[in-house]
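One structure below.
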Amino acid sequence: MAAAKEILLRRPVAATIRLTVPAGGARPAPPVGPALGQYRLNLMAFCKDFNARTQKYKPDTPMAVTITAFKDNSFEFTVKSPSVSWYVKKAAGVDKGSTRPGHLTVTTLSVRHVYEIAKVKQTDPFCQYMPLESICKSIIGTANSMGIKIVQGLE
Amino acid sequence: MLARNFIKHFPCKNLSRHHILRDSVRPLIFFTSSTPQSSFSISASLSTSSSSSSSSSCFTDESFAAPYLSVRINCPKHVLDPFSDALLCFGASSVAVDEDIEEDNEDAASGSSLASKEICIESIFPVHEEVKMCISQAANSIGLKEIPKFKVEMGDEQDWITKNQDLFQPVEIADRLWIVPEWTSPPVPEAVNIILNPGFAFGTGEHPTTKLCLLLLQSLIKGGEAFLDYGTGSGILAIAALKFGAASSVGVDIDPLAIKSASHNAALNNIPLEKLELHLAPSENSSSGRETPLQKEQFDVVIANILLNPVMELADHIISFAKPGATIGISGILSEQLPNVKERYSPFLENISIATIGDWVCMSGTKKGEFIDNC
């Protein structure tokens, strides 16, 4: 199986690493340090690269990073913004969703919140080609599944 | 079920994108250290006398030497992705999967299980985390019937630090300009060799932004200039300027470890204290504001190789240190971020030129003479 992979890929992959790093806050300390250091990846290069690419996010937003480490100690990584549920909870100011979504509403969010979240999500590499409307619909769906209602405007 | 990594105690804030750039000013985002007085092994002492750095001496700096738990988990292949995500939600700091299983012979226990459809995950947890509970919660959340087998070891911080050191090889920046690690002898003794031990500071010469700045410096320094390195990291640019013939260099950084590393490197290159001054710039936490003991309009060349946000925030500040007609270089920015930086700096700079390596750019220009920045 490894041979088949090597034929398909330009470079042989040593490992895939997933971690959560605050935006603009990558440091060569744990967890970044040991996780990348084990595969002999250049910590400083990753920190600088990651911090530069996450400048547009609010500092300390937890970003999900997936790093592909190649056998020659080079690496690539993709950065995903936090999950929609994280944004929704943060916007609503709650820690958890409702225990009985559909029946019990914890709090409400306005349409404007949804729009703002959608705009941030659209910068994600996976969502870039989705129309804003579908992103908004998916956010509303997530919010509803957490027991957070979306209303036209607050107050 | 708390997604502990994500949600702490956030106040309810408006998520407008315009706020994302402006919030929480942190001038130079390198790294922070909570114990500035402590020493760490790689740069052994602050003294400018002979430096003895052995990478195996003791670590006392907590934020970098924090122990961690290294856990190997055998997980069924078909649930690898959801299980990894679940682990991250329930408290793991990182999850790594070795792709090439056949060569992973270190752990005897995993040998037999690899024949079946299991894969080995290496996960790192913070020291105080309840590993067993986290794994069982993660397994439950994705519907696994039984908790996967796992093995916990205390992670040795020496491992990854020394491995990181090994990676630093002599780098040739340009013809007859080399950056050489402290523990190697220069491959070309006649060239301009900058000896470095970066420690935990940024600047080994390998990164495109460092290269861009070094090349810029090489073209600018003719002899006798006063140079300011804003965001000095390991001090590489400040030292390089002196080697090219500048009269004096000043390095500023918000990270005390960077200042230590830079002074250590100055000693390695036999640079006397009068020629290279280092200042610790106050970060946002200190109440004294921005009071570095530097005069305005004192420098002929100013280079700031940091990140987009600090470069934008500190534009006025950085420019104020340059004499009129001085050259200012800004790097650490990606080419997609360049338009913003250009717009921010063009009221003050003329003859702006851009150098690019890969995704990274370095923008340089000369400070306009009579224009007084009043923003």
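Each chain gets a letter, A, B and so on, in the order its sequence line appears, and its residues count up from 1. Just so you know, these numbers come straight off a predicted model, no measurement behind them. Only heavy atoms go into these numbers, but all of them, side chains included; no hydrogens, no water, no symmetry mates.
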Do any side-chain atoms of residues 332-339 of chain B form donor-acceptor pairs under 3.5 angstrom with protein atoms, and if so which ones, sequence neighbours left out?
{"unit_1": "B/Ser335", "atom_1": "OG", "unit_2": "B/Asp359", "atom_2": "O", "d": "3.3"}
{"unit_1": "B/Gln337", "atom_1": "OE1", "unit_2": "B/Leu334", "atom_2": "N", "d": "3.0"}
{"unit_1": "B/Gln337", "atom_1": "NE2", "unit_2": "A/Ala52", "atom_2": "O", "d": "2.7"}

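No option in B/Ile121, B/Val97, B/Asp81, B/Leu87 other than B/Asp81 meets the side chain to side chain contact (heavy atoms under 4.5 Å, CB included) test with A/Arg18.
Expressed to the nearest 0.5 Å, how far NE2 of B/His207 lies from CG of A/Asp49 amounts to 5.5 Å. Rounding to the nearest 0.5 Å places CG of A/Asn51 at 10.0 Å from CZ of B/Phe202. Here the straight-line distance linking atom OG of B/Ser94 with atom CD1 of A/Ile17 works out to 7.0 Å at 0.5 Å rounding. Annotation: the span from A/Met44 atom CE to B/Ser234 atom OG amounts to 9.0 Å, rounded to 0.5 Å. Atom CG in A/Leu19 sits 12.0 Å away from atom OG in B/Ser84 (nearest 0.5 Å). Interatomic distance, OG1 of B/Thr204 versus CG of A/Asn42, reported as 6.5 Å (0.5 Å rounding).
Taking the side chain as every heavy atom from C-beta outward, B/Pro310 and A/Gln55 approach each other to under 4.5 Å. Using a 4.5 Å heavy-atom cutoff, the side chains of B/Thr209 and A/Lys48 are in contact.
When all heavy atoms of B/Ile124 and A/Ala35 are compared, the pair lying nearest together is CD1-N, 3.5 Å.
Around atom OH of A/Tyr115, no more than 12 heavy atoms belonging to other residues, nucleotides or ligands sit under 6.0 Å away.
Using a 4.5 Å cut-off between heavy atoms, B/Ser70 touches chain A through its side chain atoms alone.
Sorted by first and then second residue, the salt bridge (charged side-chain N to carboxylate O under 4.0 Å, His left out) pairs with a member in residues 140-151 of chain A form an empty list; sequence neighbours excluded.
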